[in-house]
Each structure stands twice: as C-alpha cells, then as structure tokens.
Amino acid sequence: MKLWQSCVISFSMYSKIPMPRVDWTPEGMKYAICFFPLVGAACGGALWMWSLLSGWLGVAPSGILWAVVCALLPLLVTGGIHLDGFCDTVDALSSHRETARRLEILKDPHIGAFGVMGCVAYLLLSFALWTQPAASEHLLTVGIGYLLSRSLSGLSVVSFRGAKKEGTLAAFSSGAQKNVARGVLGASAVFCAAAMVWSSPVAGTASVAAALLAFAVYRVVSYKQFGGITGDLAGWFLCLCELAILAAVVLASPLYH
C-alpha cells in the first residue's frame with residue numbers, strides 16, 4: 001500500500017494524469033521519487049500512441065502537424081511543471097545578480113522577459129528538431145530518453161546539495177529513503193541508457209552522451225550560480241536533457257545514414 005501511495009504522489013506531483021486521492025504522509029513520501037521515471041514512461045507512451053494515431057490519420061512523420069504534437073506532448077502529460085522551472089531558471093541566470101537574488105527570482109511566480117524568450121526558443125527548437133526525419137526514425141530512443149531524464153533528475157534530488165531547506169524539492173529529498181532511491185534511480189538510469197544504445201547503437205550512444213553532458217552542466221551551474229539545486233533547477237535540467245537527447249539523435253544522423 002505504501003508503494004502504491006508513493007506512486008500516486010509522484011504522478012500527482014509531476015503529471016496531469018488523473019490519480020486517486022491519497023494523503024501525502026511521510027511514509028508515502030519515502031519512495032515517491034523512485035516512481036518519477038514512470039512519468040517519463042507515460043510521456044514515451046503518449047508519443048508512441050501519437051505515432052500510431054498519426055499513421056491512421058495519414059499525418060506525415062516529420063511534417064509540421066506531427067512535429068507540433070510531438071513537441072507539445074510532454075507538456076500535456078506533465079502540465080508544463082518542468083518548463084515552468086526552465087523559464088524561472090532562465091530568468092534567474094539572466095539577471096546576473098548575486099546568489100541570494102537569483103534564488104529569490106526562482107521563487108517569484110511571475111515570468112520575466114528572459115523566461116518568455118527562453119520558453120519560445122525551447123519550443124521552437126524542439127519543434128524544428130521533430131521535423132527532421134531522424135527524430136521519427138528513432139522514436140524509441142527518444143521515448144526511452146524521457147525515462148532517462150527523469151532517472152537522472154530524481155538521482156540529483158537525492159544526491160546533490162540543496163540550495164534551500166524549504167520548498168517542494170526539499171520535501172521530496174528530506175522525506176526520501178535516499179539510499180534506496182539512489183539505488184533504484186541509478187539502476188533505472190543504467191537500464192535506460194543500455195536500452196537506448198540497444199535501440200540504436202549510434203543514435204543511442206550519442207543521446208546518452210548528450211544526457212550525461214547535460215547532467216554535468218546542471219551540477220556545475222547549480223552549485224556555482226545557486227549554491228545547490230532547487231525544484232526549478234531540476235525542471236530546467238530535465239528540459240535541457242530531453243532537448244539534448246533529441247538534438248543528439250538528429251545531429252548524429254549522418255553517421256548512420
């Protein structure tokens with residue numbers, strides 16, 4: 001029952017998928033972060049369903065409609081919670097202020113000009129990458145990438161230093177069974193990376209390398225600019241990681257064509 005409760009809490013927090021109502025008890029919070037990659041599985045499943053539906057409707061892969069839906073599907077599944085963190089982080093980094101002020105900007109519920117520009121740039125780049133044939137040819141690799149990004153993001157929550165002692169990320173981190181969570185999320189990350197390489201040796205290897213590079217950048221930027229990670233920074237990383245995976249699939253295409 002506790003594991004089911006943890007799963008429901010994770011999906012309730014990180015997705016817009018309707019879930020039964022449960023109490024967010026300390027026992028339920030212990031393993032909630034372990035189920036975070038399953039939200040990525042839901043994103044990958046939505047992508048696969050869109051692929052089937054588009055074939056039935058006669059929507060051309062890599063066409064404009066195909067690419068728009070692919071770019072927006074993660075937002076529909078998650079409600080844009082990670083993109084919100086991405087925008088807040090772009091605003092904070094663009095302020096070029098001291099650490100305390102950057103953390104205040106992360107907490108501000110209003111989006112600034114730099115956040116808007118960052119959001120538009122992110123969605124445009126995602127759309128442009130989805131119009132490339134390589135993206136539709138390696139749908140499985142990209143789909144598994146949704147699990148890998150969340151495995152790494154969750155791993156950071158239970159492994160990296162937190163910038164604040166309060167907030168949603170702090171609640172998930174402090175309430176988690178960290179050793180268990182590290183083991184589960186680490187194993188999930190390794191499994192996803194292996195599956196991506198198996199699905200396409202060249203594109204998968206490039207994608208895993210891009211994801212790990214994004215993970216390294218995430219840690220360096222978080223520690224240097226904010227003194228640690230926050231929920232917004234974890235969302236920023238997740239968006240960055242998924243974009244890096246998609247870009248790696250497309251940019252590596254000359255090597256397997």
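All values reported here derive from a predicted model rather than from experimental measurement.
Residue L147 comes nearest to P37 through the heavy atom pair CG-O, 3.6 Å, listed as atom of the first residue, atom of the second, then distance. For the pair Y223 and R161, the tightest heavy-atom approach, listed with the atom from each and the gap, is OH-N, 2.7 Å. Across every non-hydrogen atom of I9 and A32, the tightest pair is CG2-CB, 4.0 Å. Nearest heavy atoms, V249 versus A134: CG1-O, 3.6 Å. Among all heavy-atom pairs drawn from S149 and L238, the shortest one is OG-CG, 4.0 Å. Shown here for V116 and I111, the closest heavy-atom pair between the two residues is N-CD1, 3.7 Å.
N179 is listed as a side-chain neighbour of R182, based on a closest heavy-atom distance under 4.5 Å. Between L233 and F226 the shortest side-chain heavy-atom distance falls below 4.5 Å.
Atom SG of C241 and atom CG of L246 lie 11.5 Å apart (nearest 0.5 Å). The distance from the CG atom of L38 to the OH atom of Y14 is 13.5 Å, given to the nearest 0.5 Å. Residue Q5 holds its CD atom at 10.0 Å from CG of L3, rounded to the nearest 0.5 Å. Atom CG of residue L185 and atom NZ of residue K178 lie 12.5 Å apart, to the nearest 0.5 angstrom.
Pairs passing the side chain to side chain donor-acceptor pair (under 3.5 Å) check and including a residue from residues 110-120, sequence neighbours excluded, read D108-H110. Contacts classified as ring-ring contact (aromatic ring centres under 6.0 Å, His included) and involving residues 178-217 (residues at least two apart or in different chains) are given here: F160-F215, F215-F237. Within the structure, salt bridge (Lys or Arg N to Asp or Glu O under 4.0 Å) pairs that include any residue of residues 234-254 comprise R150-E242 (at least two apart or interchain). Pairs of residues two or more places apart, or lying in two chains, that qualify as side chain to side chain donor-acceptor pair (under 3.5 Å) and include a residue from residues 83-101 are T99-R102, R101-E104. Residue pairs meeting the salt bridge (Lys or Arg N to Asp or Glu O under 4.0 Å) criterion with at least one partner in residues 118-128, sequence neighbours excluded, are absent.
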Take V90 and Y122, measure what side chain to side chain contact (heavy atoms under 4.5 Å, CB included) needs, and give me the verdict at the end.
CA-CA 11 Å; V90 171; Y122 176 85; over 6 Å; no
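Here C34 pairs with Y31, A181, V184 under the side-chain contact (heavy atoms from CB on, under 4.5 Å) rule; sequence neighbours left out. Looking at residues two or more places apart in sequence or on another chain, you find no side-chain hydrogen bond (donor to acceptor under 3.5 Å, both in side chains) involving S153. Under the rule for a side-chain hydrogen bond (donor to acceptor under 3.5 Å, both in side chains), S12 has no partner lying at least two apart in sequence or in another chain. Listed by chain and residue number, L148, S151, L152 satisfy the side-chain contact (heavy atoms from CB on, under 4.5 Å) test with A189 (two or more places apart in sequence, or in another chain). Contacts of S199 classified as side-chain hydrogen bond (donor to acceptor under 3.5 Å, both in side chains), with partners at least two apart in sequence or in another chain: T141.
A single hydrophobic cluster is not seen to contain both L243 and L251; linkage of ILVMFWY side chains at heavy-atom distances under 4.5 Å, directly or through other members, places them apart. Using a 4.5 Å cut-off between side-chain heavy atoms of Ile, Leu, Val, Met, Phe, Trp and Tyr, with links allowed through other members, L57 and W130 fall into the same hydrophobic cluster. Note: the hydrophobic cluster containing V190 does not contain Y146 (ILVMFWY, side chain heavy atoms under 4.5 Å, direct or indirect links). Residues L53 and L47 share a hydrophobic cluster, clusters being chains of Ile/Leu/Val/Met/Phe/Trp/Tyr side chains in contact below 4.5 Å. The cluster map of Ile, Leu, Val, Met, Phe, Trp and Tyr, joined by side-chain heavy atoms under 4.5 Å apart, puts V197 and I144 in the same cluster.
If you chain together ILVMFWY residues whose side-chain heavy atoms come under 4.5 Å of each other, M49 ends up grouped with W48, L52.
Looking only at distances, no side-chain donor or acceptor of S222 sits under 3.5 Å from a matching main-chain atom of R219. The closest donor-acceptor contact from the side chain of T205 to the backbone of P201 lies under 3.5 Å.
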Which atom pairs, donor and acceptor, lie under 3.5 Å between side-chain atoms of residues 58-81 and protein residues at least two apart or in another chain?
unit_1: S62; atom_1: OG; unit_2: S136; atom_2: OG; d: 3.2
unit_1: T78; atom_1: OG1; unit_2: P74; atom_2: O; d: 2.7
unit_1: T78; atom_1: OG1; unit_2: G80; atom_2: N; d: 3.2

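The aromatic ring centroids of F36 and H82 lie less than 6.0 Å from each other.
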